[in-house]
Amino acid sequence: MRRSFGTVSLPGFMKLWSQYFIPTLKESPADAEIASHKLLIRAGLVRKLGGGLYTYLPLGHRVMQKLTQICREEMERGGAIELLMPLVHPAENWQQGPRWAAAREIMFRADSAGDGKRAPREPEFVLGPTHEEVITPLVRAEITSYRDLPKNFFQIGTKFRNEIRPRFGLMRAREFVMMDAYSFDQNDDGAIKSYFAMKAAYEAFFRRVGVTAIAVEADTGVMGGSFSHEFMVPAEIGDDDVIYNEESGYAANREKATSALVPADLKDAPPDGAVEKFATPGVVTIAALEAAPFGVPADQQFKTLVYLGDGKPFIVILRGCDELEEAKLGALGFGVFRPATPEEIEPVLGARPGSLGAVKGTMRNPGALAGVFADQAIRLIGNGVTGANEDGFHLRRVNVVRDLAITRFGDFRRVRPGEPDPKSGAPLKVRRGIEVGHIFKLGTKYSEVFGAAYMDDQKQNHPMVMGCYGIGISRTLQAVIEQGHDQDGIVWPWAVAPYQVLVCVLDPQLPEAMTLARALAEAAEAAGADVLVDDRAERPGVKFKDADLVGFPLRLTIGGKGLKEGIIELKWRGQKDVAKVPVAEAPARVAAAVREAQAKA
RNA sequence: CGGGGUGUAGCUUAGCCUGGUAGAGCGCCUGGUUUGGGACCAGGAGGUCGCGAGUUCGAAUCUCGCCGCCCCGACCA
């Protein structure tokens with residue numbers, strides 16, 4: 001972009017800024033809100049094509065390649081085998097799979113005829129958000145013997161998700177780069193082994209990248225499966241809440257988090273007299289029942305919610321003071337569920353929301369219910385108040401054990417900070433995090449549907465036990481920046497910096513300056529660093545600002561003044577102090593610095 | 001999908017309320033002076049004011065519709 005002095009010709013190869021492409025910006029584009037998003041653009045790493053769609057410019061692409069390579073190495077070290085599957089999937093694969101209903105609306109549809117004119121007979125395609133529906137049929141066809149198990153396949157490539165709301169640059173994009181892996185084992189023990197091998201590989205990956213990511217217990221969501229960890233980079237702008245206590249080591253995603261609010265040895269309260277109906281005209285909220293003249297504290301009320309699970313209504317009971325953690329309803333096993341509308345509720349219970357209850361004998365059509373699921377914490381109420389299933393009336397002295405038509409108890413409430421940690425009883429805390437990786441022990445959900453089975457040494461067939469694993473590579477790129485920046489720009493960890501060493505030549509018109517630059521670049525490269533030489537005919541201030549903005553870990557400054565004194569300068573991006581090094585010693589010092597940084601990284 | 005905002009030069013934006021020649025800074029081009037933390041002077045190029053209708057003698061400005069983008073929520077394999 002900026003011209004170089006054409007007078008100095010250089011023998012051999014040296015990466016020159018003047019001939020490269022790093023479009024830095026002084027000002028942040030208006031549509032970037034958070035630091036990492038602004039820096040991605042200002043430092044010339046990416047440019048936006050459309051909402052959630054980004055071009056990786058040369059520098060951004062280099063970082064992606066480094067992330068990808070580290071990921072590949074750690075996955076292979078963890079025993080996984082790389083392959084590459086298509087991005088375009090026949091819709092048939094998904095229709096046969098277990099989650100078409102839940103997944104279809106966030107999937108891109110690809111039309112083979114173009115222009116939306118696909119004839120009804122022609123095949124339909126989707127863009128793959130993930131690849132269980134492709135890998136499982138493949139393994140079914142290719143692997144039939146226990147001798148070929150276990151296997152763990154991974155790939156690194158582009159994924160598409162029709163995110164409802166893309167945001168924060170690469171943080172939640174429609175098109176993004178992801179590593180996804182799928183393990184196949186003979187049994188649960190093997191699957192657990194594979195799972196923890198991946199957990200270890202993830203930990204190694206994030207450590208090598210130089211980003212702090214913590215593993216937290218997570219909800220399995222639409223994926224199904226039995227247990228799961230998310231890898232979270234702590235950051236204020238993260239989308240997810242992590243509930244944790246550092247002393248006990250407990251850490252869980254908000255959707256999964258539980259607390260020891262209900263003591264394990266809690267004895268249920270005996271009934272406190274007969275159930276009594278009382279008039280509550282116009283009272284349809286917890287707060288209104290809490291107020292005068294009724295004065296029933298929220299933690300003495302039963303909150304009765306009605307949902308529709310796969311078309312059938314079911315009830316969830318919580319304490320009046322608690323919130324439902326909707327994701328926890330996933331444990332009930334419904335394919336899809338949603339809150340029921342008042343119109344759907346009335347025929348079943350006999351009243352509108354605000355007067356609902358699950359007291360035996362008060363529901364109009366209990367046979368229509370798929371179940372009544374009660375949060376554990378209502379046992380703390382013992383005897384409380386709930387709706388009478390008659391608009392304008394409530395019931396008091398309702399006893400949990402005696403009166404409520406509970407199918408089963410579970411954990412459905414949202415945990416609040418300050419509640420006792422389930423491990424140690426210490427108070428729980430909350431912080432925000434960016435989800436950069438996720439591992440699931442899937443079980444046999446997919447292998448059963450797709451018939452991925454193997455024969456054991458007793459000639460018996462069994463479904464393979466699967467696991468699946470994902471790392472958001474492009475999201476990790478941004479998380480690294482979110483975690484590593486200051487007022488001046490990015491502060492790259494050594495391992496993923498686009499170039500680790502910048503040779504900043506302040507007077508590139510001086511042949512001796514460029515000759516020295518070349519010697520230093522060669523020394524740094526020989527020691528194992530990627531080196532860029534800033535030979536632009538810019539003022540020093542511009543070059544320093546750009547160097548800080550882009551965030552090269554090590555900056556070597558060669559200037560006319562320094563040359564007269566016989567010194568160059570060596571400065572680490574993360575540190576304030578500048579070391580003056582005699583020219584004669586410079587190549588050796590630079591090589592030593594590079595080796596040291598590499599050893600630490 | 002609901003709520004809020006916004007769209008003017010490559011980027012950041014003023015002008016819009018109260019209709020009448022489209023302005024600035026950065027960046028870019030030319031020349032000169034500068035040269036260790038985003039220099040200065042002079043000159044210059046660059047705009048279908050998101051798109052489409054309407055109101056009006058006249059629309060960046062008012063009205064309606066559409067689209068894009070951003071934020072909050074819902075959602076997030």
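Values reported hereafter were calculated over all heavy atoms of this structure, with side chains retained and with hydrogens, waters and symmetry mates removed. Numbered from 1 within each chain, the chains take letters A, B, ... in sequence-line order.
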Parallel, tilted or perpendicular: which fits the ring planes of A:Phe373 and A:Phe412, with parallel below 30° and perpendicular above 60°? perpendicular
Write down the partner of B:G68 under the Watson-Crick or G-U wobble criteria, each distance required to be under 3.5 Å. B:U6
Applying ring pair (Phe, Tyr, Trp, His ring centres under 6.0 Å) to A:Phe334 and A:Phe314, what does each step give before you reach the verdict? CA-CA 11 Å; A:Phe334 297 105; A:Phe314 67 91; 4.6 Å; yes
Counting only distance, no hydrogens or angles, is the base of B:G36 paired donor-acceptor with the side chain of A:Arg555 under 3.5 Å? no
Go through the steps for A:Gln155 and A:His131 under the test side-chain hydrogen bond (donor to acceptor under 3.5 Å, both in side chains), then give the verdict. CA-CA 10 Å; A:Gln155 61 175 351; A:His131 283 67; 3.3 Å; yes
What is the distance, to the nearest angstrom, from the CD atom on A:Glu175 to the P atom on B:C76? 22 Å
Check this one for me: any side-chain N or O of A:Lys26 less than 4.0 Å away from OP1 or OP2 of B:C11? no
Return the pairing partner of B:C11 with a 3.5 Å limit on both distances, Watson-Crick or G-U wobble; otherwise return none. B:G25
A:Arg172 CZ - B:C71 P separation (whole Å): 10 Å
Most 5' of A:Gly51 and A:Gly560 on RNA chain B, judged by nearest nucleotide: A:Gly560
Side chain of A:Glu33 (C-beta onward), nearest among B:C70, B:C11, B:G38: B:C70
Considering only side-chain heavy atoms of A:Leu549, which listed nucleotide, B:G38, B:G36, B:C72, is closest? B:G38
Given B:C75, is OP1 or OP2 found less than 4.0 Å from the side-chain N or O atoms of A:Arg161? no
N or O in side chain of A:Lys545 less than 4.0 angstrom from B:G37 OP1/OP2: no
On a plain distance test, is the side chain of A:Glu27 in donor-acceptor contact with the base of B:G25 below 3.5 Å? yes
Please state whether the base of B:C75 and the side chain of A:Arg165 form at least one donor-acceptor pair under 3.5 Å? no
Using ring-ring contact (aromatic ring centres under 6.0 Å, His included) as the criterion, point out the one residue from A:Phe205, A:Tyr202, A:Tyr469 that pairs with A:Phe231. A:Tyr202
Across all strands shown, which nucleotide pairs with B:A53 by Watson-Crick or G-U wobble geometry, both distances under 3.5 Å? B:U63
Of the nucleotides B:C71, B:U13, B:G37, which has the atom closest to the A:Ala30 side chain? B:U13
Roughly how many Å is it from CG in A:Asp239 to P in B:C75, rounded to a whole number? 12 Å
Given 3.5 Å as the limit, does a donor-acceptor pair link the side chain of A:Asp548 with the main chain of A:Gly551, or not? no
Return the 5'-most residue of the pair A:Lys580, A:Arg475 with respect to RNA chain B, ranking by each residue's nearest nucleotide. A:Lys580
Is the number of heavy atoms from other residues, nucleotides or ligands within 6.0 Å of CD (A:Glu236) greater than 12? no
Would you kindly give the CG-to-P distance between A:Asp241 and B:C76, to the nearest whole Å? 15 Å
Can you tell me if A:Arg539 touches the phosphate of B:A39, counting only side-chain N or O atoms and a distance under 4.0 Å to OP1 or OP2? yes
Residue-phosphate contact under 4.0 Å: A:Lys48 side-chain N/O, B:C70 OP1/OP2: yes
What is the pairing partner of B:C40, taking Watson-Crick or G-U wobble pairs with both distances under 3.5 Å in any strand? B:G32
Nearest-Å distance, CG (A:Asp31) to P (B:C72)? 13 Å
Closest nucleotide among B:G37, B:A39, B:G73 to the A:Phe544 side chain: B:G37
